[in-house]
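What follows is a single structure, written as C-alpha cells, with notes after it.
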Amino acid sequence: CSFSTLLSHDPLSVSVGFSIIGGLITCKLVPEFKESFIKAKLTGKDLAKDDKEPPIPECMGVICATVYLVCMFFFIPFPFMEWFSGKGKISQSEEFHAPTFPHHKLGEFLAAMLSLQSMTFLGFADDIFDIRWRHKLFLPAIASIPILMVYYVNFGVTHIVVPIPLRFIFGRIIDLGFLYYVYMSMMAIFCTNSINILAGINGVEIGQSLVIACSIAINDFLFLNDADPAVEAHLFSLYFILPFIGVSFGLIIYNWYPSEVFVGDTYCYFAGMTFAVVGILSHFSKTVLLFFIPQIFNFIYSCPQLFRLVDCPRHRLPRFNPSENKLEYSRVKIQKPLKKPASFVLDLFELLRLVKVDKGETSIEVNNFTLMNLLLLKIGPLHERTLAILVVVIQILASCLSFYIRYHLVHFFYEV
Ligand code: UD1
Ligand code: MG
C-alpha cells in the first residue's frame, strides 16, 4: 500500500498520535508511581538477582493498561468523525436511501473496550490476591463475554472453511455453531495465559508481546488498500494495536534488564486480551494464533506440569547462579516411586531430548518444562539479558515463519 493511501485514512494518523502520547505518558507515570506501589506493598522479589536487592514495584502493567484505556476513550469519536462533520449527514430527499450511523461499529468498539477493561481489572485482582491457577485460568473467558455478544449480534458467522487436505473427511465447510463461541473464549484463555507462563525474567513478557503486536500491525498494513474488502477490519485492529505498542514501549524502558519495575499478571492479561480482541473482531484469529508459535510450544511442553502429571513448583523460572552471574535451568524434584503418567511423560520427553533426568536413590530431578529452561539446557548457562534477547529473537524468527506460512504455504490449505 502506498504512503498516500495510509495518509488518506485520517483516524489512523490520530491513532498513531495517541500511541506516541500514550507511550510518553506511561514513560512519565511509571517512575512517579514507583514509591506509591512500594508503600501499598505491591512489590515482588527479583528471583534472578542477589538476595540483598530490595523488592521492586510489581504489577506496573496496571499503569500501562490505564493509560491505554484513557487514550482509547479519547479516540472513540475519531473513526466516526465524518458523521459528525456533516459528510455523513444527509439531505431530507436522500433520507430513505442514505446510510445510517454505523451503531454496530460503535458497539464493537465499546464491547472491545469493556473486555479489555474487565481483563485489566481481573488481572489486577489476581496480582493483589494471587488467585489460584485453576480459577484464574477462566478469568479471560469471563472478560471475553462482551466481545462474544457483539460477535453474535454483528456477524454470527460460526462456520469454518475446512483446509483442503481434510476435506475428504469433513467436506468444504463445517458449521461449528455454539462450539465456535467456545473456541473464541478458549482463544482468550490461551492468549492471556500463554504469555503469563513464558515469563519470569526481566523484560520477556513485554518483549514477546511487542513482537506479536508489531507482527499484527504489519499484517494489518498489508491489507490497507482501498480495494481490499477487509480494510475496515484491519483498520479496527490497528486502532487497538498501535496504542498498545506505544504504552508497551513506555513500560519496557523500566522493565528491561535490570528491571526497576515488574509488569505483573495485569500486563500479561491485558496484552493477551488485546490480541484476542483484534483476532476475534477483525476475523483473523488463525493469523493471530500463528504469531503465538513460541507460546504454543511452551504451552504444549508445559502441559505435564500444568495438568499436574509431573510436580509443578510455584515458580519455574530459571535458577540464578550468583557466583557466575548467569541463569541455569531450574529443576524439580519428584519422589519415587513415580506414578505411571509421570514416568510415561518423562520417558517420552527423554526420547525427544526435551528433558534432562538425574536419577537418585529415592527421587529423581528433572528440568522444569519451559521454553527458557530448555534453551538453557541446550545452550548452557546464560546471562539474564542474553536469555531475554534470545527469547525475543526466537519470537521474531517465529513471526517471519508465520508470515511465510500465512502468505505462501497457505495455498496448500485454502484456495486464496
Ligand atoms: C508464572 C509461572 C511461574 C513463573 C512466574 C514468573 C507457570 C505455571 N507459572 O506464574 O512458573 O515463575 O510466572 O513470572 O508457568 N519475577 C522475577 N523476575 C521477572 C519477573 C518476575 O523474579 O522478571 C518473579 C518475581 O518474584 C515476581 C514473580 O515472579 O514477584 C511474579 O510471578 P507471578 O506472575 O505471580 O507468577 P505466575 O504468573 O503465577
Ligand atoms: Mg505472572
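Hydrogens, waters and symmetry mates play no part in the numbers below; they use all other heavy atoms, side chains included. Remember, it's 1-based here, ligands and their atoms both numbered in the order they're listed. Keep in mind it's a predicted model, so treat the numbers as computed, not measured.
Of the polar atoms of Leu306, none of the N or O atoms is found under 3.5 Å from an N or O of ligand 1, judged by distance alone. When only interatomic distances are considered, the shortest N/O to N/O separation between Gly44 and ligand 1 does not fall below 3.5 Å. By the 3.5 Å distance cut-off applied to N or O atoms, Asp130 is not counted among the residues near ligand 1. An N or O contact shorter than 3.5 Å links Lys136 to ligand 1 by distance. Of the polar atoms of Asp265, at least one N or O is found under 3.5 Å from an N or O of ligand 1, judged by distance alone. Considering backbone and side-chain N/O atoms, Glu205 never comes within less than 3.5 Å of an N/O atom of ligand 1.
Here Asp265 reaches the Mg ion (ligand 2): one of its N/O/S atoms is less than 2.8 Å from the metal.
Checked against the 6.0 Å centroid criterion, the rings of Phe240 and Phe109 qualify as a close aromatic pair. Annotation: Phe291 is in aromatic contact with Phe403 [ring centroid separation under 6.0 Å]. Checked against the 6.0 Å centroid criterion, the rings of Tyr239 and Phe18 do not qualify as a close aromatic pair.
At the top of the distance list for atom 18 (N) of ligand 1, counting protein heavy atoms only, stands Gly200 O, 3.1 Å. Scanning all protein heavy atoms for the shortest distance to atom 29 (O) of ligand 1 gives His315 CE1, 3.5 Å. What sits closest to atom 25 (C) of ligand 1 on the protein, heavy atoms only, is Lys45 O, 3.0 Å.
Heavy atoms of other residues, nucleotides or ligands lying less than 6.0 angstrom from NZ of Lys28 number 12 at most. Within 6.0 Å of NZ on Lys105 lie more than 12 heavy atoms contributed by other residues, nucleotides or ligands. Environment of OH in Tyr183: crowded, with over 12 heavy atoms of neighbouring residues, nucleotides or ligands closer than 6.0 Å. Atom OH of Tyr257 sits in a crowded spot, with more than 12 heavy atoms from other residues, nucleotides or ligands closer than 6.0 Å. A 6.0 Å sphere centred on OH of Tyr414 holds more than 12 heavy atoms belonging to other residues, nucleotides or ligands.
Within ligand 1, the atoms closer than 4.0 Å to a non-hydrogen atom of Glu58 are 27 (C), 30 (O), 31 (C), numbered from 1 in the order shown. Of all atoms in ligand 1, listed by their number and element, those nearer than 4.0 Å to a heavy atom of Asn196 are 1 (C), 13 (O), 38 (O). With ligand atoms numbered from 1 in the order given, ligand 1 contributes 17 (C), 18 (N), 22 (O) to contacts under 4.0 Å with heavy atoms of Asp46. Contact atoms of ligand 1 toward Arg314: 3 (C), 10 (O), 11 (O), 33 (P), 35 (O), 36 (O), 37 (P), 39 (O) (distance under 4.0 Å to a heavy atom of the residue).
Paired with Glu205 under the rule side chain to side chain contact (heavy atoms under 4.5 Å, CB included), one option of Asn196, Val263, Ile252, Leu198 passes, and it is Val263.
Listed for the Gln305 side chain is a donor-acceptor partner under 3.5 Å among the backbone atoms of Asp311.
Using a 4.0 Å cut-off between heavy atoms, Arg316 contacts ligand 1 through both its backbone and its side chain.
Proximity of Lys49 to ligand 1 is not established, as no heavy-atom distance is less than 4.0 Å.
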